[in-house]
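Small disclaimer: the values here were computed from a predicted structure and weren't measured. Sequence lines set the chain letters: A, B, ... in the order given, protein chains first and strands last, and positions in each chain run from 1.
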Amino acid sequence: MSVRVRFAPSPTGYLHVGGLRTALYNYLFARHNNGKVILRIEDTDRTRLVENAADNLIQSMKWAGIEFDESPVLGGDYGPYVQSERFGLYKKYADELIDKGLAYYAFDTGEELTAMREKQQAEKKDPKYDRDTMRNQFTLGEEETKKLIDSETKYVVRLKVPMENIKFHDLIRGDVTVNGKDIDDQVLLKSDGFPTYHLANVVDDHLMKISHVIRGEEWLPSTPKHVILYQAFGWDIPEFAHLPLLLNSKKQKLSKRHGSVAVEDFKNQGYLKDAFVNFIALLGWNPTADRDIYTMDELISLFNIEKVNKGGAIFDLNKLKWFNEQYLRTIFTEKELVPILKDTLADKGKDNYSDSYLEEVIKLFKERVSFIQDIPDFAPYMFAEIEEYEEKYFNKHWKETSADLLRPLMERFRAMQKFDHEAAHTLTKQYLEENEIGFKPVIHPLRLMITGKSVGAGMFETMEVLGKDECIRRMETFLEKHG
RNA sequence: GGCGCAUUCGUCUAGCGGUUAGGACGCCGGCCUCUCACGCCGGUAACAGGGGUUCGAUUCCCCUAUGCGCUACCA
């Protein structure tokens with residue numbers, strides 16, 4: 001059997017990180033099994049449509065490196081993969097079920113349904129559609145039903161759920177059994193003619209020959225309804241795998257209320273997509289347990305749906321940050337990170353730096369920041385005049401004798417032919433030895449004069465990147481004021 | 001409330017009857033050191049509880065507790 005899986009989001013605004021995880025696992029599963037991944041937009045709820053949401057979803061997935069084999073933009077044999085564009089298709093299947101006696105017409109209004117539920121709750125009964133008392137095909141009779149439909153009265157089609165036990169197998173959870181009496185007579189076709197998720201999902205999964213349904217755990221309770229549908233149509237039932245939920249720090253389903261949940265937010269915050277995807281992949285699954293860093297290819301070759309955990313995983317920003325730092329420091333080269341710094345600077349109106357300069361700057365600071373985007377704030381002196389000298393640092397290290405100590409050193413720097421960190425270091429050490437003084441009375445004032453800050457990269461390395469002329473200019477500027 | 005799913009350090013997890021219960025993040029020490037980091041070394045910390053099954057349970061079964069999910073003409 002050839003593997004075909006799908007990611008089927010609703011276009012309600014943006015790609016949720018939980019959605020990305022689901023999409024990623026579908027992608028990994030498909031690639032691991034030489035199968036296909038399909039993107040299908042489930043927009044059957046006309047009341048929740050958001051403009052451009054589908055494009056936004058696709059953009060976010062593209063950023064994350066998830067590629068689809070068939071999608072609204074790519075097309076395929078079963079296109080167009082947007083349910084609203086397949087509108088006419090679903091009624092036919094609803095009718096088929098009615099003909100088979102496995103679904104029925106119902107004419108209740110929203111108010112009637114609300115009243116029914118309130119009554120049931122008052123009687124301490126479970127709110128559930130009451131087939132025997134409400135206005136439907138069974139209580140009204142065939143003749144009346146036909147008359148109502150011919151007169152274009154609004155109706156819905158409901159699934160006639162059997163009273164028996166429904167069993168299905170889940171690749172992650174094993175066998176699950178639910179009693180039919182606990183399942184509501186689900187609406188299949190809404191009064192606006194659109195199918196509900198349940199109908200559209202089952203019909204499309206069948207038509208698109210989906211072999212494995214990999215989706216979030218929130219769908220587990222409605223899977224029995226889908227199984228009933230597959231059986232009612234006489235179709236093969238796909239394999240199911242329900243992924244554990246992604247949780248917030250309060251262990252609730254990750255939602256917009258607490259912090260960022262949109263993939264684009266993380267992108268905008270400066271996370272490297274490889275780090276982000278790596279982190280997401282390891283929430284609920286562990287390939288080898290001996291390390292944390294994996295490339296996408298490694299994730300694909302190691303992926304095993306049956307090893308996915310059952311319990312929900314808390315989305316821990318701390319670890320995500322660590323992943324980003326790891327990718328900054330050990331995975332990417334400085335050269336690869338240059339465009340990010342370049343963009344960051346361009347946003348600040350600074351675009352006059354060469355790639356080689358930025359590369360050197362990144363080398364200096366990548367071990368000291370969590371995001372490349374933080375570099376201009378961490379080391380503003382690499383891109384601008386020093387606006388102010390850190391007061392505490394100045395008070396602590398700039399002594400009466402400092403100017404007399406630093407001025408001759410500056411002159412020696414000026415005389416250097418080759419100005420790199422090693423040479424500057426050697427020269428400084430020599431100067432200190434000649435004068436029989438320690439390192440600290442000089443290195444801190446030097447840092448103060450050239451960077452204005454108490455923290456930074458190695459002083460001589462920083463000086464090398466800034467260049468001899470710039471260093472001397474800064475020393476002179478400082479000495480004019482404090483000499 | 002009903003139904004379902006889950007439960008190993010604070011967090012992500014390894015474990016698939018016999019382990020000093022391992023790793024990673026975080027946190028705390030130490031080393032390195034021109035500051036800050038990186039790095040390295042070390043430490044802290046877990047099998048929800050109770051019954052079984054078994055020579056032996058973190059591991060298998062049951063119950064309880066707790067958490068989460070679902071309970072719409074939303075997905």
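Among B/rC70, B/rA72, B/rC38, the nucleotide with an atom closest to any side-chain atom of A/Lys253 is B/rC70. Minimum atom distance to the side chain of A/Asp182 is reached by B/rC3, of the listed B/rA72, B/rC3, B/rC5. Candidate nucleotides B/rC74, B/rU13, B/rG4 were compared by shortest atom distance to the side chain of A/Ala313, and B/rU13 ranks first. Closest approach to the A/Gln326 side chain among B/rC38, B/rC73, B/rG39 is made by B/rG39 (side chain taken as heavy atoms from C-beta onward). The side chain of A/Lys440 approaches B/rC34 more closely than any other nucleotide in the set B/rA6, B/rC34, B/rG10. Of the candidates B/rC73, B/rG26, B/rC34, B/rG26 carries the atom nearest the A/Asn318 side chain, counting heavy atoms from C-beta on. For A/Leu220, taking side-chain heavy atoms from C-beta onward, the closest of the listed nucleotides B/rG4, B/rA24, B/rC73 is B/rG4. When distances are taken from the side chain of A/Glu42 to each of B/rA75, B/rC12, B/rG39, the shortest belongs to B/rA75. Residue A/Phe460 has its side chain nearest to B/rC34 when only B/rC12, B/rC34, B/rA72 are considered. Of the candidate nucleotides B/rU13, B/rG67, B/rG69, B/rG67 has the atom lying nearest to any side-chain atom of A/Lys251.
One can place CD of A/Gln120 at 13 Å from C1' of B/rA72, the figure rounded to the nearest angstrom. Remark: P of B/rC12 and NZ of A/Lys321 are 18 Å apart, rounded to the nearest angstrom. Residue A/Asn286 contributes atom CG, which lies 13 Å from atom C1' of B/rC25 at whole-angstrom precision. The distance from atom CZ of A/Phe194 to atom C1' of B/rA72 is 18 Å, rounded to the nearest whole Å. Taking atom NE2 of residue A/His242 and atom P of nucleotide B/rC5, one finds them 12 Å apart after rounding to whole Å. Going from atom CG of A/Asn309 over to atom P of B/rC5 covers 17 Å, rounded to whole Å. Put simply, OH on A/Tyr90 is 20 Å from P on B/rC73, counting in whole angstrom units. Whole-Å rounding puts the A/Ile450 CD1 to B/rU35 C1' distance at 14 Å.
The separation of B/rU35 from B/rC27, taken at their C1' atoms, amounts to 23 Å, rounded to a whole angstrom. Taking atom P on both B/rA37 and B/rG43, the two are 23 Å apart, rounded to the nearest angstrom. B/rA46 sits 29 Å from B/rU53 when the P atoms are compared, rounded to a whole Å. Comparing the P positions of B/rC47 and B/rC31 gives a spacing of 34 Å, expressed to the nearest Å. The same atom, C1', is picked in B/rG26 and in B/rC12; the two are 11 Å apart, to the nearest Å. With both ends at atom P, the span from B/rC3 to B/rA72 equals 16 Å, rounded to whole Å. Nucleotides B/rA21 and B/rA57 are separated by 13 Å at their C1' atoms, to the nearest Å.
Ion pair A/Glu42/A/Arg40 flagged as a salt bridge, since at least one NZ, NE, NH1 or NH2 atom sits closer than 4.0 Å to an Asp/Glu carboxylate oxygen.
Residue contacts for A/Arg173: at a heavy-atom cut-off of 4.0 Å it reaches the sugar-phosphate backbone alone, with no base atom in range. A/Glu390 comes within contact range of no nucleotide atom at all, as no heavy-atom separation falls under 4.0 Å. In this structure, A/Thr44 reaches the sugar-phosphate backbone alone: every heavy-atom distance under 4.0 Å involves primed, P, OP1 or OP2 atoms, never a base. Looking at heavy-atom distances under 4.0 Å, A/Gly284 makes contact with sugar-phosphate atoms alone, never a base. Contacts of A/Ala106 with the nucleic acid, taken as non-hydrogen atoms under 4.0 Å apart, are absent. Contact annotation for A/Ser10: backbone-only contact, meaning every heavy-atom pair under 4.0 Å involves sugar-phosphate atoms and none involves a base. A/Ser454 comes within contact range of at least one nucleobase, with a heavy-atom separation under 4.0 Å. Among the heavy atoms of the strands lying under 4.0 Å from A/Val187 are primed sugar atoms or P, OP1, OP2 only; no base atom is included. Across all strands, A/Val442 comes closer than 4.0 Å to no nucleic acid atom at all (heavy-atom distances). Within the nucleic acid shown, A/Leu113 comes within 4.0 Å of at least one base atom, counting heavy atoms only. Heavy atoms of A/Gly311 sit under 4.0 angstrom from primed sugar atoms or phosphate atoms, though from no base atom. Here A/Arg117 lies in heavy-atom contact (under 4.0 Å) with sugar-phosphate atoms only.
In a base pair of the Watson-Crick type (N1 to N3 plus N6-O4 or O6-N4) or a G-U wobble (N1-O2 and O6-N3), with each distance short of 3.5 Å, B/rA65 is matched with B/rU7. With a cut-off of 3.5 Å on both Watson-Crick or G-U wobble distances, the partner of B/rG2 is given as B/rC70. Nucleotide B/rC16: unpaired (no Watson-Crick or G-U wobble partner with both distances less than 3.5 Å). Nucleotide B/rA46 forms no Watson-Crick or G-U wobble pair with any nucleotide shown, as no partner meets the under 3.5 Å limit on both distances. When both distances must be under 3.5 Å, the Watson-Crick or G-U wobble mate of B/rU59 does not exist. Nucleotide B/rC40 forms a pair with B/rG30, judged by Watson-Crick or G-U wobble geometry with both contacts under 3.5 Å.
If you find the closest nucleotide of RNA chain B to A/Glu325 and to A/Val455, the one lying nearer the 5' end belongs to A/Glu325. When the nearest nucleotides of RNA chain B are assigned to A/Phe378 and A/Asp126 by heavy-atom distance, the more 5′-ward of the two goes with A/Asp126.
Partner of A/Asp185 under the salt bridge (Lys or Arg N to Asp or Glu O under 4.0 Å) criterion, chosen from A/Lys128, A/Arg158, A/Arg131: A/Arg131. The one candidate from A/Glu359, A/Glu336, A/Glu334 that meets the salt bridge (Lys or Arg N to Asp or Glu O under 4.0 Å) condition with A/Lys366 is A/Glu334. When the options A/Lys310, A/Arg173, A/Arg21 are evaluated for a salt bridge (Lys or Arg N to Asp or Glu O under 4.0 Å) with A/Glu217, the one that passes is A/Arg173.
With hydrogens and angles disregarded, a donor-acceptor distance shorter than 3.5 Å links the side chain of A/Asn278 to the backbone of A/Asp292. Remark: the backbone N or O of A/Gln186 is not paired with any side-chain donor or acceptor of A/Asp184 at under 3.5 angstrom.
The base of B/rC34 sits within donor-acceptor range of the side chain of A/Arg447, with an N or O pair under 3.5 Å. Judged by distance alone, with hydrogens and angles left aside, A/Arg368 brings a side-chain donor or acceptor within reach of the base of B/rC36, the pair sitting under 3.5 Å.
A sub-4.0 Å separation between OP1 or OP2 of B/rU8 and a side-chain N or O of A/Lys310 is absent.
You'll find the ring centres of A/His226 and A/Phe168 outside the 6.0 Å limit. The distance between the ring centers of A/Tyr271 and A/Phe279 does not fall below 6.0 angstrom. In this structure, the ring of A/Tyr90 has its center no less than 6.0 angstrom from the ring center of A/Phe194.
For B/rC38, the O4'-C1' to base torsion is within 90° of 0; the nucleotide is therefore syn.
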Chi angles and distances behind the salt bridge (charged side-chain N to carboxylate O under 4.0 Å, His left out) call for A/Asp45, A/Arg48: CA-CA 6 Å; A/Asp45 183 0; A/Arg48 294 208 309 168; 3.4 Å; yes

